[in-house]
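Here the structure is laid out as structure tokens; the discussion comes afterwards.
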Amino acid sequence: QEWENPFATWDPRDFCNISEIVLPMDTYWSPPVFILERVNGQNPELNYMVLMHNGTFNSTRPFQVTLTCSLIILKFPFDTQTCNLSIASFLYPVTELVMKTRRTPAEIMEDSRSFFLTDGEWKFTNLSIIEYTEMVDDKGFSAVTYMISMKRRPTLYILNLILPTCAVYLLDMAVLFGPSTLEEKINFQIAIILGSSMLAVILNNSLPTSSNKPPIIGT
């Protein structure tokens, strides 16, 4: 966060060329903000801010936050999900406090990619920012929403589910139209049914449980 206070200025030449100082957060007024989609998280212990001689305040407070996102898994595992992170301040209306983003989405994306230290299941693909006014009880409040797009990496699901399933059904067709006897075909079909059932159990454990429509691969 960065904001200005015209009553907190001084001339560095009058104070041994001191141009900035570190103060506790409760020393001066600071803008209170809230995360709308927040479920739980860990508050930081860095309750300090930097005050520049021109009255500019700068506060960097890392938060670890868990959000709730609505998943659309129709194209699982080739799906792309979008989660919103909305920040607002409901103590001051928009006539008194206006929030603006300091950096562009491209700059924030570059910094965000540097925080992904491991290659997990999700790949960070896009980030967009919306600045708007949230209306609550006929009052407008400044808000900023970060729309984060994540794409699932399907390699593991392709190797563990899609390729074995295709192989099982190709084998099923080969046995069905092959020159084997009826008894051999029945034995092969029973083995294929058992293999398909095992893959279905693995698929059921892998699929997300919350969705309005079942994924195509599950159907």
Side-chain angles (χ1 to χ4, degrees), residues 1-10 20-75 79-113 115-116 122 124-152 208-214:
Q1 293 178 292
E2 184 177 304
W3 67 97
E4 294 184 2
N5 187 343
F7 300 102
T9 60
W10 73 89
E20 63 180 45
I21 56 176
V22 178
L23 299 173
M25 288 292 295
D26 55 358
T27 305
Y28 282 90
W29 176 89
S30 59
V33 294
F34 308 95
I35 300 177
L36 303 186
E37 298 89 355
R38 182 173 180 177
V39 176
N40 55 47
Q42 298 179 1
N43 293 329
E45 299 296 334
L46 299 176
N47 295 320
Y48 292 91
M49 55 187 177
V50 178
L51 171 59
M52 306 293 294
H53 69 279
N54 58 0
T56 300
F57 286 83
N58 192 300
S59 172
T60 302
R61 309 181 68 192
F63 281 88
Q64 182 177 354
V65 181
T66 301
L67 306 176
T68 298
C69 305
S70 58
L71 298 180
I72 302 176
I73 60 172
L74 184 64
K75 299 180 180 179
D79 54 330
T80 300
Q81 307 294 340
T82 301
C83 291
N84 294 340
L85 175 64
S86 301
I87 301 175
S89 179
F90 294 118
L91 298 182
Y92 298 94
V94 71
T95 55
E96 299 180 10
L97 188 146
V98 178
M99 293 194 302
K100 297 289 184 181
T101 55
R102 183 170 56 181
R103 293 180 296 175
T104 63
E107 294 174 341
I108 298 179
M109 277 190 62
E110 184 177 354
D111 288 344
S112 299
R113 285 197 176 98
F115 292 116
F116 283 88
W122 296 94
F124 181 51
T125 57
N126 191 29
L127 173 69
S128 58
I129 303 174
I130 302 176
E131 299 175 356
Y132 62 100
T133 300
E134 181 77 18
M135 300 302 298
V136 178
D137 295 334
D138 297 331
K139 287 185 178 181
F141 298 91
S142 180
V144 177
T145 295
Y146 297 86
M147 301 181 64
I148 306 167
S149 297
M150 308 286 288
K151 184 177 181 181
R152 195 189 305 268
T209 57
S210 58
S211 178
N212 294 329
K213 295 181 179 181

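In what follows, every heavy atom counts, from backbone to side chain, and hydrogens, waters and symmetry copies are set aside. Residue numbers run from 1 in the order of the sequence given.
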Met135 versus Asp138, closest heavy-atom pair with distance: CE-C, 4.0 Å

Mutual orientation of the aromatic rings belonging to Trp10 and His53 [parallel < 30°, tilted 30-60°, perpendicular > 60°]: perpendicular

Glu20 side-chain N/O to Val50 backbone N/O, donor-acceptor pair under 3.5 Å: no

Met99 versus Ile87, closest heavy-atom pair with distance: CE-O, 3.1 Å

Thr9 OG1 to Asn54 CG distance, which is reported to the nearest 0.5 Å: 8.5 Å

Audit row: Ile72, Asp79, side-chain contact (heavy atoms from CB on, under 4.5 Å) steps and yes/no: CA-CA 8 Å; Ile72 302 176; Asp79 54 330; over 6 Å; no

Within 6.0 Å of OH in Tyr48, more than 12 heavy atoms from elsewhere: no

Glu4 side chain reached by Phe57 side chain, heavy atoms, under 4.5 Å: no

Pairwise distance CG(Asp111) to CZ(Arg103) - rounded to 0.5 angstrom: 4.5 Å

Distance-minimising heavy-atom pair for Pro32 and Ser89: O-OG, 2.6 Å

Crowding at CD, Glu110 (>12 non-hydrogen neighbours, <6.0 Å): no

Parallel, tilted or perpendicular: ring planes of Trp3 versus Trp29, cut at 30 and 60 degrees: perpendicular

Interatomic spacing from OG1 in Thr145 to CD in Glu134 - rounded to 0.5 Å: 8.0 Å

Residues, nucleotides or ligands: over 12 heavy atoms within 6.0 Å of Glu96 CD: yes

Stepwise side-chain contact (heavy atoms from CB on, under 4.5 Å) check, Glu131 with Thr101: CA-CA 8 Å; Glu131 299 175 356; Thr101 55; 2.9 Å; yes

Sequence-distant partners of Val98, side-chain contact (heavy atoms from CB on, under 4.5 Å), two or more places apart: Val94, Lys100, Ser142

Derivation of the side-chain contact (heavy atoms from CB on, under 4.5 Å) call for Met25 and Ser59: CA-CA 8 Å; Met25 288 292 295; Ser59 172; 3.6 Å; yes

Lys151 and Trp122: CA distance, side-chain angles, deciding distance, side-chain contact (heavy atoms from CB on, under 4.5 Å) verdict: CA-CA 6 Å; Lys151 184 177 181 181; Trp122 296 94; 5.8 Å; no

Distance, nearest 0.5 Å, that separates CG of Leu67 from CG of Asn84: 9.5 Å

Under 3.5 Å side-chain donor-acceptor pair for Thr56 and Glu2: no

Exercise: identify the closest heavy-atom pair between Tyr132 and Ser86: OH-OG, 4.0 Å

Met49 versus Tyr28, closest heavy-atom pair with distance: CE-N, 3.6 Å

Closest approach of Thr125 to Met109 (non-hydrogen atoms, all atoms of both residues): O-CE, 3.3 Å

Between OG on residue Ser128 and OH on residue Tyr146, distance to nearest 0.5 Å: 11.0 Å

Rounded distance (nearest 0.5 Å) linking atom CG of Leu127 with atom CD1 of Ile108: 5.5 Å

Check: Lys139 main-chain N/O paired with Asp137 side-chain donor or acceptor under 3.5 Å: no

Any Ser30 side-chain heavy atom under 4.5 Å of Gln1 side chain: no

